[in-house]
S.K.: 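Shown below is the structure under consideration.
When reading the values below, keep in mind they use all heavy atoms of this one structure, side chains included, and skip hydrogens, waters and symmetry mates. Just so it is clear: chains get the letters A, B, ... in the order the sequence lines come, proteins before strands, and each one is counted from 1.
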Amino acid sequence: MKGRVVNCLMNQLHIKEMEESAKIVVAMSGGVDSTAAAILLSQAGHEVVGISMQVWDYRQEGNRNKATCCAPADFDDAREAAEKEGFPYYVFDFEDSFQEAVIDPFVDNYLKGLTPNPCLECNRKVKFKELRRRAGTLGSSFVATGHYAQIKKKPDGALGLFTGKDRSKDQSYFLYALKSSELPKTLFPVGGMQKSEVRELLRQNGMMMAEKPESQDICFVGGTVSEFIEKRTPEKPVSGKIVSSSGDELGEHGGIHKFTVGQRRGVGLGNLEKSTNPSPLYVLDIDPDSNQVTVGDREELKKESFVVKDVNILNRAELLGENPVLVKLRYRHSGILSKVEMLDESSLRVTLLEGFTAVSPGQAAVFYSDSPDKEGDYEVYGGGTIVRDEFGLSRDSEGLSSSALTEGVSS
Amino acid sequence: MAYLDGNSSATLRAAAKAAIEELISSSARNPSSIHRGGQLASKFLRNARRQVLSALGLDGDIEMFFTSGGTESCNTILSGWLPENAKAKTILSSPIEHVACLDALSRLESEGWKVEFLDVDSTGQVILPSEASMTEEALSELALVSLMAANNETGIIQPVIPLAKLFREAGYQGMIVSDFTQMPGKSVVRASELFDAGVDAIALSGHKVGAPPGVGAVAFKSCASGRCLDFNPMLLGGPQESYRRAGSENLIGIVAMGAAFEEMATNRGDEQKRMLELRLKLEEQISKLPGWSVFGETLDESERLANTALVQTSNLRGDDLVVALDLAGISLSTGSACSSGKQSASHVLQAMGLDKVEARNVIRLSLDWSSSESDIDRVIEVLPQILSEGASSQLPNESIAH
């Protein structure tokens, strides 16, 4: 097993170049992946400091939350692994920065009719930025996590961000906001492994938590997102009208935060749908100013192009080059071929080249190479946040429920 | 390993360890039992009580009962002697009390008592009320006055003696109490001076002086001294501690506390002198770090505990520094309460006027009786290293998009 361990790390070539004495801070959630990441690094001889980020006070929810991660009991698992492996472990208080960087925008964006993915903001602002900054006080410049993604050296010598070896677990989608300058200082020790191998590693190290289930939901939401938003907004969410794309009033809704563009079920017009519309209705657009939700046929979902802002570019040449790039519009999306052009320094226009899918403002569009490298991995070229454009018509072959957009958000 | 967290818990004293060993090797049993095992236990108990009272210079006018620690003692001095007087419903205290006292006050408030706070100045000392405000009317509504003797975070000694004198001279007859837990061994102020000035009861803690955690005491003016107020015990049950505090006594803690106080009193002069010298050496070096400062620098030494240096960093979070220093083998804290990793910004510092960020960028170095020059030298060596390593491991700043 040791040989395999070292091999997995060797995949991340830049680790070879790390100084022997480099201290590595491992962000530990108490979950299987981050625990394995810490163990791998420790067993490879590196000086590891395990840090759990306390981002949320679970006592607020009365500790009823079992489905999420990062509760005190999870930290016990991380602490136990640290004690067994013999590296120092601490819990850091990140509540303030998490509130400001993740939770507040999450609520604000939902109230604006967007569908944010908070894990993206957490990674961008808290996990890789704030944690890295605070790790500096400990004398560490390396941050490692349990993400299924890889940082590899490309033929031209530069580092690139790639999909994880276990494609069914690939989390590169959540990491698009990593800057090129951060790549040499970021490690994904389990990125080159299969999930089954990761669990096996923990078993071999005598960790009972090897069998721990994955956390699938947003780490700070115990019940539904709607409930969470409603609890945090002092004034009750405003009900409004549901209209068709031609402006006909079709009904009323109880708050735009309950909707997502592309959503099919739960539109709340059951009877109406059946009687006047033979085909199901999809959410086409959410207007926070008029508080209206526009619905229409599947065909009307089609969007040929859309705008992405707050863009981070990892590979400018490929992203803006001749070849089309694959764009994923949500975590569990197989991707669509597209062409990208820069509108200004921080936004792009994306033109879909084949098929169509729902384009949900607030979600991230992440760009990948359209073909794998020699090892079968796909490079991440960059990504950004989808903005609410003037809404066009679109056709979708997948029927989306709102849960599809938050399914498997973990990390 | 350099230990600089004496205000959290002092290193176990040799005498305390010896006292525990003596007890557990003996045939002492439950002090309330009639048989010889009980008699021996009772002897240990009475001896320990004498040791503590004697160490504090307290005579027969002062009684003392043991508790489970400073927290129970704080709770007790606040609720134990509240009058059954319909008019006296106000409790006067300070916003910089230890959370054990503050939370007890919150509960009293929810039970109908009116809690008022004295003001605190920016150096961390409570401001005495003006004489003019102490009218007969105001005093008749006052049920209790409570002010800590020394703040555990800042190490700044509070004006309990002038406060007590002020109230007594104005004619106030009610209870005046004080959380004395951080004082013994760290200041020239004696507990007897507080009682002489008009304080009625003080809270004491064993592990602040070198006993293990889990034992404390309340010392109070007895009926013999002329103050005979009704007492409401927190714990009911047996007749232990003269019906003041039911429950079989924690004799292991109690004998340790007695021995610890005795050793403290014997060595007090030397220990305090050494702690002060070491603390001053530390502060001199810390002041050289750009942007760093020590709370209470401008105060006279008599207004500060000998062992405590609360330090404001330039821009580093206290909790991160505590971890960095732990990794380097140095133990200290930020001074504020912590639970499950969450560090709340200090209520004491906020009461002194600091904002949340400033209050969070603080570390507390509190020596204890065992601190040596090599401990201090280690800190002086490591701190600048941490600062420079920290600076050099930062990535260059970049804007979000590129």
S.K.: What are the two closest non-hydrogen atoms of A:Leu138 and B:Val323, and how far apart are they?
M.R.: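 Where A:Leu138 meets B:Val323 most closely, the heavy atoms are CD2-CG1, 3.5 Å.
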S.K.: What are the two closest heavy atoms between A:Lys23 and B:Leu327, and how far apart are they?
M.R.: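 Taking A:Lys23 first and B:Leu327 second, the nearest heavy atoms are NZ-CD1, 4.4 Å.
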S.K.: Could you tell me whether the side chains of A:Tyr90 and B:Asp319 share a donor-acceptor contact shorter than 3.5 Å?
M.R.: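 Their side chains do not contain a donor-acceptor pair, so the 3.5 Å distance test is not met.
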S.K.: Is it the side chain or the backbone of B:Leu321 that comes within 4.5 Å of chain A heavy atoms, both, or neither?
M.R.: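 The answer is both parts of B:Leu321.
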S.K.: Above 12 or not: heavy atoms from other molecules or residues under 6.0 Å from NZ of B:Lys356?
M.R.: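 Incorrect, the count does not exceed 12.
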S.K.: Please indicate whether B:Ile252 has more than 12 foreign heavy atoms, meaning atoms of other residues, nucleotides or ligands, lying under 6.0 Å from its CD1.
M.R.: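 No, CD1 of B:Ile252 has 12 or fewer neighbouring heavy atoms, counting only those of other groups under 6.0 Å.
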S.K.: Under 6.0 Å from the CD atom of B:Glu381, do we count more than 12 heavy atoms belonging to anything else shown?
M.R.: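 Yes.
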S.K.: Under 4.5 Å, counting heavy-atom pairs only, tell me which of B:Leu325, B:Asp326, B:Leu316 racks up the most with chain A.
M.R.: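 Maximum pair count with chain A is reached by B:Asp326.
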S.K.: A quick test of your reading: do over 12 heavy atoms of other residues, nucleotides or ligands sit less than 6.0 Å from NZ of A:Lys309?
M.R.: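 No, NZ of A:Lys309 has 12 or fewer neighbouring heavy atoms, counting only those of other groups under 6.0 Å.
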S.K.: So with a 6.0 Å cut-off around CD of A:Glu80, is the heavy-atom count from everything else above 12?
M.R.: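 Atom CD in A:Glu80 is not packed in, count stays at 12 or less.
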